[in-house]
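Before any comments, here is the structure.
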2 protein chains.
Amino acid sequence: MKPENRKQEIVKAASILFKEKGYSAVTMRDLAKAMGIKAASLYNHIQSKQEILSTIIIDLAEEFTEGMNKISESDQKTIQKIENIIELHIDVTLRNADGLASLNNDWMHLEEDNLQYFEKMRYDYENNFRKIVQKGTEDKEIKSFNIEIIVFSTLSTLRTLYLWYPKQKDIDADILKKDMISVLLSGIV
Amino acid sequence: MKPENRKQEIVKAASILFKEKGYSAVTMRDLAKAMGIKAASLYNHIQSKQEILSTIIIDLAEEFTEGMNKISESDQKTIQKIENIIELHIDVTLRNADGLASLNNDWMHLEEDNLQYFEKMRYDYENNFRKIVQKGTEDKEIKSFNIEIIVFSTLSTLRTLYLWYPKQKDIDADILKKDMISVLLSGIV
DNA sequence: GTCTATAGCCGGATAGAC
DNA sequence: GTCTATCCGGCTATAGAC
């Protein structure tokens, strides 16, 4: 097995453990045990514990950044853009729910360069979202509530999907997308 | 100053640090430094690091449990109940936003009895919420989307308020309540 | 590529002086 | 009530045998 594949296995196992206890509470011994080897052996495939964390988080953050850039630059209507953002989050969650736990809760344990890079991506992502909502209210596609509240409540729900989706085993991805779009856009009343 | 007050100061300082880095990444030396004393001195006021965590989390969980029980047992209509739940979350967030970080992210580091007690309270809370939404759909007060999606998306937003509210310094609590109720109940379109 | 052994450091917590 | 000094265990990471 090539080292790259072995590294991917380590990252995957680490994602699950980081989700359960958080980056700081997971030891290299825990991770090695989950892989069925000794802690020292991990270092043939990775440089450090920190490298595992940054691999998980930066890959996901770049995925969101690329997706958001495409949506943001398109010439669709606001509502269509928001629907695409909801789909983006659901798609990423289906593919890597465990990694999203680190993205949401352990980003502050990234070190220098990666921390700055991550924070910039997150800022740009939120700002793109905010601009889309802003334009939507100007075009009267969206109600003129406080824009920050709209951005916050929508993003909160999408960012927390990773916690909730794995528990809903019997729900179809397409139904989830449809209902999630309805709930977030049209409300529940 | 009585020991009880000093303990409260420690818990408050710890809440801030736990919010920034998480329970596991904060050391007793970090906490002592924030209090302007040495780590050993903390132990004149608390039994252990674990005691600080359980004080933060259990107090808050009990506050939510009491609030939810009152709402749940009242004879109000469903929509009024949901509005009261939104207000409950906003009120607790205004009073103790830092502590809510531990409630949301560090509950898994509670030990045996407190962990079980917490998990029971959280289960009951969610179940009460679910029953309220269920009744609302039966009475046609609420649209008949997938109930789990409604419960999840509403709770996600309310639980994440602690991250967002402190950044919105210029927003009035009453306006926040009003707009949050509108966004969650009526949607944004 | 995995192992054993261990370096070197830092963690929570205690003892006892003041 | 706070301090200094310290115990002791667990942490990340490395060295070197197989």
Side-chain angles (χ1 to χ4, degrees), chain A residues 1-58 102 105-115, chain B residues 1-58 102 105-115:
Chain A
M1 209 171 278
K2 287 183 191 173
E4 268 310 304
N5 292 339
R6 199 77 170 123
K7 181 178 168 182
Q8 282 166 23
E9 285 176 44
I10 292 173
V11 168
K12 192 173 175 183
S15 299
I16 294 170
L17 295 179
F18 292 169
K19 178 182 179 179
E20 288 168 354
K21 305 203 296 175
Y23 174 73
S24 302
V26 174
T27 70
M28 296 304 276
R29 290 172 175 81
D30 292 336
L31 179 53
K33 199 169 208 173
M35 298 281 301
I37 57 178
K38 296 290 174 184
S41 307
L42 292 169
Y43 290 88
N44 271 294
H45 309 284
I46 51 134
Q47 299 289 326
S48 64
K49 187 185 177 188
Q50 174 68 204
E51 188 200 353
I52 300 174
L53 183 69
S54 59
T55 300
I56 295 170
I57 295 180
I58 299 297
S102 299
N105 302 318
D106 283 320
W107 59 266
M108 71 287 279
H109 298 118
L110 290 172
E111 287 168 6
E112 273 315 308
D113 287 355
N114 278 325
L115 179 58
Chain B
M1 209 170 278
K2 286 183 192 173
E4 267 311 302
N5 292 338
R6 198 76 170 126
K7 181 178 169 183
Q8 283 166 23
E9 285 177 45
I10 292 172
V11 167
K12 192 173 176 184
S15 299
I16 295 170
L17 295 178
F18 292 168
K19 177 181 180 179
E20 288 169 355
K21 304 202 297 177
Y23 175 72
S24 302
V26 174
T27 70
M28 296 303 278
R29 288 168 175 83
D30 291 336
L31 178 55
K33 199 170 207 173
M35 297 281 301
I37 57 177
K38 296 290 173 183
S41 307
L42 293 169
Y43 289 87
N44 270 294
H45 309 284
I46 51 133
Q47 299 289 326
S48 64
K49 188 186 177 190
Q50 174 67 204
E51 189 200 353
I52 300 174
L53 183 69
S54 59
T55 300
I56 295 171
I57 295 180
I58 298 298
S102 299
N105 302 317
D106 283 320
W107 58 267
M108 72 287 278
H109 299 117
L110 290 172
E111 286 167 6
E112 272 316 308
D113 287 355
N114 279 325
L115 179 58

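Heavy-atom basis, side chains included; hydrogens, waters and symmetry copies ignored. Residue numbers start from 1 in every chain, and the chains themselves are labelled A, B, ... in the order their sequence lines are given, proteins ahead of strands.
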Does some side-chain heavy atom of B:K33 sit less than 4.5 Å from a side-chain heavy atom of B:D30? no
When you measure from the side-chain N and O atoms of A:K38 to the phosphate of C:dC3, is any distance below 4.0 Å, counting only OP1 and OP2? no
To the nearest angstrom, the CG-C1' distance between B:N5 and D:dG1 comes to 15 Å
Among C:dA13, D:dA13, D:dG1, the one nearest A:S48 by side-chain distance: D:dA13
Looking only at side-chain atoms of A:A40, point me to the closest of D:dT12, C:dG12, C:dT4. C:dT4
With hydrogens left out and only the distance checked, is there a donor-acceptor pair under 3.5 Å joining B:R29's side chain and the base of C:dG12? yes
Tell me: CD of A:Q50 to P of D:dC11, nearest whole Å? 18 Å
Value in whole Å for how far the C1' atom of C:dT14 lies from NZ of B:K49: 18 Å
Below 4.0 angstrom, N of the basic side chain to O of the carboxylate: do B:K12 and B:E9 qualify? no
Nucleotide D:dG10, atom C1' - distance to NZ of A:K21 in whole Å: 12 Å
Can you measure B:H109 atom NE2 to C:dG11 atom C1' for me and round it to whole angstrom units? 15 Å
In whole Å, what is the span from the NZ atom of A:K33 to the C1' atom of C:dC3? 17 Å
Side chain of B:Y43 (C-beta onward), nearest among D:dC3, D:dT12, C:dG12: C:dG12
Do you know which two heavy atoms are closest between B:F18 and B:D106, and how far apart they sit? O-OD2, 4.2 Å
Between D:dG10 atom C1' and A:L31 atom CG, what is the distance in whole Å? 16 Å
Between B:S41 and D:dC3, does any side-chain N or O lie under 4.0 Å from OP1 or OP2? yes
Mark yes or no: B:K49 above the aromatic ring of B:Y43, with NZ or CZ under 6.0 Å from the six-membered ring centre and no more than 45 degrees from the axis. no
Closest to the A:H45 side chain, choosing from C:dA13, C:dG1, D:dA13: C:dG1
Could you check how far CE of B:M28 sits from P of C:dC10, rounded to whole Å? 18 Å
Work out which heavy atom in A:A34 is nearest to a heavy atom in A:L17; give both atom names and the distance. CB-CD1, 4.1 Å
